[in-house]
Amino acid sequence: MTRASSPLKTILVTLLQEPLKVQSFAQVHCLLLTSGVTQDFSVLVMLAEFLASSQSPSSAYFTLKQTLIFPNPFLFNSLITVFTQTSSPQSAFVVYKYLVCDGFSEDKSTYPLVLKSCAKFSGIKEARQIHAAATKLGFLSDIYVQNALIHVYGLCNCYQDAGIMFDQMLVRDVISWSCLISVCVKGGLFGDALSLFSQMDVDPNITTLVSVLVACGRIGELSMGRSIHGLLLKNAAILGLIVGNALLDMYVKCESMDEARKVFEDLPVKDVVTWTSVISGLVQCKQSREALDVFHAMQASGMEPDKVVLPSVLSACASLGALDCGRWIHQYIEWKDIEQDVHIGTALVDLYAKCGCLEMALNVFHGMIYKNVLSWNALLGGLAMHEHGKVALSYFDWMVRTGLKPNDVTFIATLGACSHSGLVEEGRHLFASMLELYDVTPKIAHYGCMVDLLGRSGLVEEAYELVKTMPMRPDVLIWGAMLSACKTSGNVQLSQQIIGHLELEFSDSGVFVLLSNIYAANERWGDIPMLRSLMRKKGIKKEPGSSVIELDGRAHEFLVGEIKYPDQKEEILMILYILEKQMQIDGQ
DNA sequence: TGTCATTGGT
């Protein structure tokens, strides 16, 4: 091959590395064509990469075609590869179409490459065309093509086609198995993924094990996750970052935080994914204070938070009422120009709503470009909590008008809003519409909302009728709501019936607090020691009440006894006070 | 020169 003079090549290579305007590229292209550099393969590869990253697929294809003396599949494959990596992977398929129309210059490597682009833009129609062409031209027997087809069919939710491809293969390698397992995981078919793993007749590789770990985490298969951990340790002394992160997240999802912490501490290198897994895990396990501590440690280590970790941190702030910390994060998002996607927006709405800043919650909510059901739920929950029943109902109507389908949480929030604002008729109507209009089957929590709504409005008998006709067994929350209703209306007789159920079935300290509340409201002081001895007999201990306050941006938890009157727990404290007093009287 | 892998909110 004739090599171009080295200085000219250097100049051209430099020019190709610059982001050029089309006009000046034309000049560079002239130089390329006239200098003989086009016979230098490495320059041609650079040209192909340059074209795909800066021009339309048609212009890139035809420019490359003009430049080549002999058509070369490798260079067209480079075009396809680079287009696949851009934000418009469809362009890769356009290049493939031109290749097919010209009737030359594709090879067997073209098929996996262009199928990968289809997987990226979910082009099932395009993938089927490629499948047909590969069959016709005899490329289907290539294991790379087969594996790529399994992948693309799986990602386009055509699991049956992926399975058929897999079954038709005469020889399957570890990639074939990994492809099918990973598409099962992506499609939420975690059980299928694990069953495929158990059927594997070749040794799994690291990638396979990562997919299997994800499946274990999602269905809480802790023991299998642990055995994969053992398998990994046998093969590598130190876990790589992706494998370590997958392992860590498996323990997190299985809520085995001690093991998760151990993996976390042993990881020699941590990235933002590592920190995110631990923080979101702690939030899910209701350890929000620890989550904020880890977040502060993450910042101290110099790791920059991103748009994925921040919703979890905001959620921790929301559940602790750590408004200052949440506000700081909101400012940080604006300062660092972090994309305010639907996750971040929803987490901010939730934070402000839970902390009682409804105006801010509404501001953020209305500023969101895209809202999903969870965004509306966060707002509705906030409105419910702060007794804006009518406003919540109008937002509910608005949500439905936008075409979004409410889910079960939407109804819990909206029924709760009715309950807190005493909107009985509206609540009844909403409850009836759940299944009828929105295809959402009422769960026990929805019955709980209705019992609460009716009970708070003094309709104890109607609430009890509803409990009796429920399609499921009433749980402790339902009876708790009934007892509260009895307390409000002073219906001791009905409460006795309910207590009968409770004494037999439940051992929850909250119910006993409610019971004592009823006795106290009816001045039945004599029954309280009976209650207390029943608690002792059933081995029930009252969990200490707790509250959290924020000081200098840090959340601090206080147990009962450490501070005198944590306002949120005032009612429980009062009851405990009554119980203690009664004990003192008994003792005298 | 081609096929498979990690983190998110009510």
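Every heavy atom of this structure was used, including side-chain atoms; hydrogens, water molecules and symmetry mates were not. Order of the sequence lines fixes the chain letters, A, B, ..., with proteins taken first and strands second; residue numbering starts at 1 for each chain.
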Geometric cation-pi criterion, A:K405 with A:Y438: 6.0 Å, 45°: no
Gap between atoms CZ and C1', on A:F83 and B:dT1 respectively (whole Å): 18 Å
Nearest-Å distance for atom pair CD/C1', residues A:Q85 and B:dT3: 15 Å
Side-chain donor/acceptor of A:S182 to base of B:dC4, under 3.5 Å: no
Sugar-phosphate only, base, or nothing, as touched by A:V342 at under 4.0 Å among non-hydrogen atoms: base
Proximal nucleotide (of B:dT7, B:dA5, B:dG8) relative to the A:I242 side chain: B:dA5
Touch class at under 4.0 angstrom, heavy-atom based, for A:I206 against every strand present: base
Phosphate-side-chain proximity, A:K186 and B:dA5, N/O vs OP1/OP2 below 4.0 Å: yes
Interatomic distance, A:K120 NZ vs B:dA5 P [rounded to whole Å]: 13 Å
Nucleotide nearest A:D350 (side chain, heavy atoms from C-beta), chosen from B:dT10, B:dT1, B:dT7: B:dT10
From B:dG8, B:dG9, B:dC4, nucleotide with atom closest to A:V308 side chain: B:dG8
Donor-acceptor pair under 3.5 Å, A:D107 side chain vs B:dG2 base: no
A:F365 six-ring centre to A:K371 NZ/CZ under 6.0 Å and within 45° of normal: yes
Touch class at under 4.0 angstrom, heavy-atom based, for A:L113 against every strand present: sugar-phosphate
Closest to side chain of A:S178, choosing from B:dT6, B:dG2, B:dC4: B:dC4
Sugar-phosphate only, base, or nothing, as touched by A:N372 at under 4.0 Å among non-hydrogen atoms: base
Nearest-neighbour nucleotide for the A:N77 side chain, B:dT1, B:dT6, B:dC4 considered: B:dT1
A:H151 vs B:dC4: side-chain N/O to OP1/OP2 distance below 4.0 Å: yes
Distance, rounded to the nearest Å, where A:L247 contributes CG and B:dT7 contributes P: 13 Å
hbond_proxy A:D341 side chain to B:dG8 base (donor-acceptor, 3.5 Å cutoff): yes
Protein-nucleotide distance (A:W177, atom CH2; B:dT3, atom P), rounded to Å: 22 Å
Among B:dT10, B:dG2, B:dT3, the one nearest A:L374 by side-chain distance: B:dT10
Any donor-acceptor N or O pair under 3.5 Å, side chains A:N147, A:S176: yes
Polar side chain donor-acceptor pair, A:Y352 to A:N363, under 3.5 angstrom: no
Side-chain N,O (A:K253) to OP1/OP2 (B:dG8) below 4.0 Å: yes
A:I143 CD1 to B:dC4 P, straight-line distance once rounded to whole Å: 14 Å
Touch class at under 4.0 angstrom, heavy-atom based, for A:D271 against every strand present: nothing
Shortest side-chain distance from A:H343, nucleotide among B:dG8, B:dC4, B:dG2: B:dG8
Phosphate OP1/OP2 of B:dC4: any A:K116 side-chain N/O under 4.0 Å: yes
A:I344 CD1 to B:dT10 C1', straight-line distance once rounded to whole Å: 16 Å
Phosphate-side-chain proximity, A:R218 and B:dT6, N/O vs OP1/OP2 below 4.0 Å: no
Rounded distance [0.5 Å steps], SG in A:C317 versus CZ in A:R327: 11.5 Å
A:A148, nearest nucleotide to its side chain (from B:dG2, B:dT3, B:dT7): B:dT3
Under-4.0 Å side-chain N/O to phosphate OP1/OP2 contact, A:T81 with B:dT1: no
Plane angle bin for A:F264 and A:W275 - parallel if under 30°, tilted between 30 and 60°, otherwise perpendicular: perpendicular
Touch class at under 4.0 angstrom, heavy-atom based, for A:N205 against every strand present: base
Nucleotide of B:dG8, B:dG9, B:dT3 approaching A:Y144 most closely (side-chain heavy atoms): B:dT3
Heavy-atom donor-acceptor pair, A:T414 side chain to A:F411 backbone, under 3.5 Å: no
Between B:dG8 (P) and A:L314 (CG): distance, integer Å: 15 Å
